[in-house]
Amino acid sequence: MKGDRVEIVVDAGDTTRTYEVVASRAGRRVESAVRRGVVEVSEVTRSGSVVRTARFMANRVLALVEHPVPEGEEPADGEGPLRETPRG
């Protein structure tokens, strides 16, 4: 559903980096999978076609948090499909 997002926190050596994958259009969803030591987070259309994928090494991923949009709520404007969230 538009607005669903997955937040990925990754160990980047001396710091952490946070990325978000967001379902950018109506009818799209975000799926997560762990395969062969790699975490894949993909934005997928209704028909199952992958629009974009973010891949991270599983041993570097500290947290993977799914944030579904509550029923009847509209997502905030200005959220891109993949972005790095700056941390203070």
Side-chain angles (χ1 to χ4, degrees):
M1 174 178 180
K2 180 179 179 178
D4 286 350
R5 64 187 176 97
V6 175
E7 183 178 1
I8 308 104
V9 180
V10 180
D11 178 18
D14 60 341
T15 186
T16 61
R17 292 188 181 222
T18 303
Y19 297 90
E20 289 182 344
V21 178
V22 180
S24 60
R25 292 189 177 178
R28 293 191 179 168
R29 63 188 184 278
V30 180
E31 294 182 351
S32 318
V34 180
R35 296 185 186 108
R36 302 183 77 182
V38 175
V39 175
E40 291 185 352
V41 181
S42 302
E43 181 181 358
V44 182
T45 64
R46 285 186 182 123
S47 63
S49 300
V50 176
V51 177
R52 64 182 52 85
T53 301
R55 292 185 180 98
F56 305 93
M57 293 184 63
N59 61 350
R60 293 288 188 181
V61 174
L62 302 174
L64 186 113
V65 184
E66 296 179 353
H67 299 278
V69 172
E71 291 293 320
E73 243 183 72
E74 288 293 319
D77 288 335
E79 291 185 353
L82 173 64
R83 67 179 185 191
E84 181 178 352
T85 306
R87 296 284 179 182

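These numbers were taken from a predicted model, which means no experiment stands behind them.
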Would you please test R29 and D4 for salt bridge (Lys or Arg N to Asp or Glu O under 4.0 Å) and show each step?
CA-CA 7 Å; R29 63 188 184 278; D4 286 350; over 6 Å; no
Quick one, V44 and V51 - any side-chain contact, counting heavy atoms below 4.5 Å?
no
Heavy atoms, side chains only, cut-off 4.5 Å: are P68 and R5 in contact?
no
Side chain to side chain, H67 and V65, heavy atoms closer than 4.5 Å
yes
Consider only side-chain N and O atoms of S32 and E40, and report whether a donor and an acceptor are under 3.5 Å apart.
no
Heavy-atom side-chain proximity of V39 to R55 below 4.5 angstrom:
no
Using side-chain heavy atoms (C-beta onward) and a distance below 4.5 Å, is S24 in contact with E43?
yes
Within-4.5 Å side-chain heavy-atom neighbours: Y19 and V10:
yes
Looking at every non-hydrogen atom in both residues, tell me the closest pair between T53 and V50 and how far apart they are.
OG1-CG1, 3.2 Å
Do I8 and V21 have side chains that get closer than 4.5 Å, going by heavy atoms?
yes
Nearest atoms (heavy-atom pairs only) where A23 meets V30
N-CG2, 3.5 Å
Side chains of T16 and L62: does their closest heavy-atom pair fall under 4.5 Å?
yes
